Amino acid sequence: MLTSIADGLLCCLLGKTPNAVGPLDSVESDDGYTFLEVKPGRILRIRHNIPKRPEFPEEPEETTATTERGTVHCKRRITLYRNGQLLIENLGDAVRSEILQCHNASGDPNSTVELEMSDATGIPGKDGAAAAGKRRKRKPKKVVSIDCKKRITSCKGTHGDVVLFFIHGVGGSLDIWKEQLEFFSKLGYEVVAPDLAGHGCSSAPPVAAAYTFYALAEDMRAVFKRYAKKRNILIGHSYGVSFCTFLAHEYPQLVHKVIMINGGGPTALEPSLCSIFNLPPCVLHCLSPCLAWSFLKAGFARQGAKEKQLLKEGNAFNVSSFVLRAMMSGQYWPEGDEVYHAELAVPVLLVHGMHDKFVPVEEDQRMAEILLIAFLKVIDEGSHMVMLECPDTVNTLLHEFVLWEPDTAAGDGDTK
């Protein structure tokens with residue numbers, strides 16, 4: 001099931017999925033696929049759909065009341081102590097919504113959350129209150145203050161300044177978003193979905209350094225800068241969530257909302273030293289049938305013929321053993337810790353498949369606790385590949401979040 005390297009442009013035309021190596025000029029085709037050269041010899045296949053919108057009459061100019069609608073005062077203080085304790089004080093507006101029983105980390109606008117970075121469950125109890133008070137008096141290792149106003153608005157398909165970016169994870173391709181791309185394109189949204197390097201029909205450089213987090217993140221930066229408009233919504237799955245977080249942190253004025261699907265907790269990335277993916281590529285190639293079966297068993301709630309077909313159509317796990325090994329060993333991102341995630345002042349929807357064996361639900365719950373404006377939705381019948389298993393449910397949930405804007409009462413946007 002693991003493929004070797006072949007010509008990327010040819011695979012797009014023939015509907016195959018091997019990877020390409022070598023230089024190629026950026027090419028745009030009539031079927032919505034684009035080949036973008038992000039660096040010399042490093043080419044990514046991108047699905048870019050631009051809707052044909054009818055001419056609409058000019059909208060009236062916004063008044064003061066309309067410009068204040070949806071404006072949220074994002075204010076919090078993040079204190080990291082040398083013993084690993086993370087103290088988060090939310091000092092801005094409370095965000096109210098009615099989005100499918102989603103839960104915010106805290107309903108109190110002036111709340112204080114104490115978290116231990118080494119403890120995925122830990123909010124200190126009453127017995128630790130006195131000790132926590134003493135720790136607060138100590139000189140902190142790092143203090144981050146966030147104080148800004150952010151206008152969060154409903155993004156409709158008729159809005160020409162909205163772009164949706166879809167980023168897949170390890171072993172996938174842009175084809176795993178097939179249902180979502182078709183759904184949002186029909187609603188009039190402009191959508192962009194790249195194949196990561198070594199995946200789908202993107203080029204596969206023959207060096208492991210091409211698959212580190214930083215190399216892939218720079219690829220996604222190039223794609224984002226190429227297609228971004230005024231209001232951009234990032235949708236990531238699994239490892240792709242990390243790239244969405246990176247872009248949201250780098251471009252806070254351009255990233256309007258973020259959707260994280262089975263992305264895991266807010267922890268710094270570090271490759272495992274005892275992983276099966278540390279084996280030589282030739283050994284991984286021999287084990288490919290077992291790896292594919294394991295992925296099917298862990299990635300789907302059911303393992304029937306339908307799921308096998310979805311796995312085949314979505315090109316999931318259809319990468320060379322070399323790329324797979326390099327991707328897993330290249331997941332090193334020490335900056336992406338809890339403080340990094342706590343600094344994000346953008347609304348985030350967390351979607352979790354209850355039967356996911358790769359990402360425990362506790363990790364997404366932890367993420368919801370850390371983020372400033374976060375909503376968590378658990379899909380009971382889904383697993384890790386929930387966008388393939390439950391496309392209608394996922395599409396509805398994503399669309400409602402894209403349309404959502406905070407219900408801020410009069411005066412909520414004022415500085416406190």
Side-chain angles (χ1 to χ4, degrees), residues 36 38 44 46-49 74 99 102 150-157 159 161-170 172-174 176-177 180-181 183-185 187 189-196 213 216-264 266 269 333 335-336 340-352 364 367-368 370-377 386-387 394-395 397-405:
L36 176 65
V38 292
L44 304 183
I46 298 171
R47 181 71 180 270
H48 180 212
N49 288 353
C74 301
I99 178 171
C102 290
K150 189 172 185 67
R151 189 184 178 201
I152 306 166
T153 56
S154 176
C155 300
K156 300 179 181 179
H159 295 166
D161 64 340
V162 176
V163 182
L164 275 59
F165 290 83
F166 294 82
I167 305 178
H168 68 82
V170 177
S173 76
L174 63 84
I176 69 169
W177 301 112
Q180 288 69 46
L181 296 176
F183 176 81
F184 283 101
S185 294
L187 292 175
Y189 290 94
E190 181 175 352
V191 298
V192 176
D195 278 334
L196 295 180
F213 171 83
L216 297 171
E218 289 304 316
D219 289 348
M220 294 303 100
R221 185 201 296 273
V223 173
F224 183 77
K225 292 174 69 175
R226 172 73 177 266
Y227 298 103
K229 293 186 176 178
K230 184 178 179 180
R231 292 184 294 168
N232 304 282
I233 300 175
L234 308 180
I235 302 101
H237 172 248
S238 193
Y239 190 29
V241 167
S242 296
F243 303 118
C244 292
T245 304
F246 170 80
L247 292 174
H249 206 276
E250 292 287 300
Y251 302 97
Q253 301 303 321
L254 291 177
V255 176
H256 199 66
K257 297 175 182 177
V258 176
I259 299 173
M260 303 179 175
I261 303 178
N262 292 326
L269 296 180
W333 186 35
E335 297 87 357
Y340 188 94
H341 287 81
E343 292 174 354
L344 294 179
V346 59
V348 179
L349 172 65
L350 297 151
V351 180
H352 184 87
D364 279 328
M367 181 73 85
I370 291 293
L371 295 171
L372 177 59
I373 308 173
F375 310 93
L376 173 61
K377 177 63 179 180
V386 65
M387 79 290 287
V394 171
N395 290 345
L397 182 60
L398 267 57
H399 189 216
E400 290 193 4
F401 182 67
V402 168
L403 294 176
W404 170 80
E405 63 181 32

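Residues take their numbers from the sequence shown, with the count starting at 1. A quick note: this is a predicted structure, and the numbers were derived from the prediction, not measured.
Residues Tyr251 and Lys225 form a side-chain contact, since some pair of their non-hydrogen atoms from C-beta on lies under 4.5 Å apart. The closest side-chain heavy-atom distance from Pro194 to Asp219 is not below 4.5 Å. Within the 4.5 Å cutoff, the side chain of Gln180 has heavy atoms near those of the Phe166 side chain. Inter-residue side-chain proximity for Lys377 and Leu398 is flagged as unmet; no heavy-atom pair is nearer than 4.5 Å. Within the 4.5 Å cutoff, no side-chain heavy atoms of Met387 are placed close to those of Val351. You'll find the side chain of Glu335 stays beyond 4.5 Å of the side chain of Phe246, heavy atoms only. Counting heavy atoms from C-beta on, the side chains of Phe165 and Cys244 never come closer than 4.5 Å. Inter-residue side-chain proximity for Asn232 and His256 is flagged as unmet; no heavy-atom pair is nearer than 4.5 Å.
The structure places CZ of Arg47 at 7.5 Å from CG of Leu174, a figure rounded to the nearest 0.5 Å. Taken from CG in Leu164 to SG in Cys155, the straight-line distance is 8.0 Å, to the nearest 0.5 Å. Atom-to-atom distance recorded for Leu216:CG and Trp333:CH2 is 12.5 Å, nearest 0.5 angstrom. Taken from CD1 in Ile235 to CD1 in Ile259, the straight-line distance is 4.5 Å, to the nearest 0.5 Å. Rounded to the nearest 0.5 angstrom, Leu36 CG and Ile46 CD1 are separated by 4.5 Å. Of the inter-residue distances, the one linking Ile261 atom CD1 with Asp364 atom CG reads 10.5 Å to the nearest 0.5 angstrom.
Of all non-hydrogen atoms in Lys229 and Asp161, the two that sit nearest each other are CB-O, 3.7 Å. Considering every non-hydrogen atom in both Val241 and Gly236, the closest pair reads CG2-O, 3.3 Å. Scanning both residues, Val38 and Ala222, for their nearest heavy atoms gives CG1-CB, 3.8 Å. Closest heavy-atom contact between Gly169 and Leu196: O-CD1, 4.2 Å. Between Leu372 and Leu344, the closest heavy-atom pair is CB-O, 3.6 Å. The shortest non-hydrogen separation linking Ala248 to Val255 is CA-CG2, 3.7 Å.
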Trace of the side chain to side chain contact (heavy atoms under 4.5 Å, CB included) decision for Met260 with Thr245: CA-CA 9 Å; Met260 303 179 175; Thr245 304; 3.5 Å; yes
Under the criterion side chain to side chain contact (heavy atoms under 4.5 Å, CB included), I'd like the reasoning laid out for Phe184 against Ile233: C-alpha separation, chi angles, the key distance, then a yes or no. CA-CA 12 Å; Phe184 283 101; Ile233 300 175; over 6 Å; no
Evaluate the criterion side-chain hydrogen bond (donor to acceptor under 3.5 Å, both in side chains) for residue pair Ser154 and His159; output intermediate values, then yes/no. CA-CA 10 Å; Ser154 176; His159 295 166; over 6 Å; no
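Residues satisfying the salt bridge (charged side-chain N to carboxylate O under 4.0 Å, His left out) test with Asp195, not counting sequence neighbours, are Arg45.
Between the side chain of Lys150 and the backbone N or O of Pro347 there is no donor-acceptor pair closer than 3.5 Å. Between the side chain of Lys257 and the main chain of Trp404, a donor-acceptor pair closer than 3.5 Å is present. Of the possible polar contacts, none joining the His168 side chain to the Trp177 backbone as a donor-acceptor pair under 3.5 Å is found.
Considering Val162, Val163, Asn49 in turn, Val163 is the only one that fulfils the side-chain contact (heavy atoms from CB on, under 4.5 Å) rule with Glu190.
Classification of the His249-Tyr340 ring pair by plane angle, with boundaries at 30° and 60°, yields parallel. Relative orientation of the Phe213 and Tyr239 rings is tilted, given thresholds of 30° and 60° on the angle between their planes.
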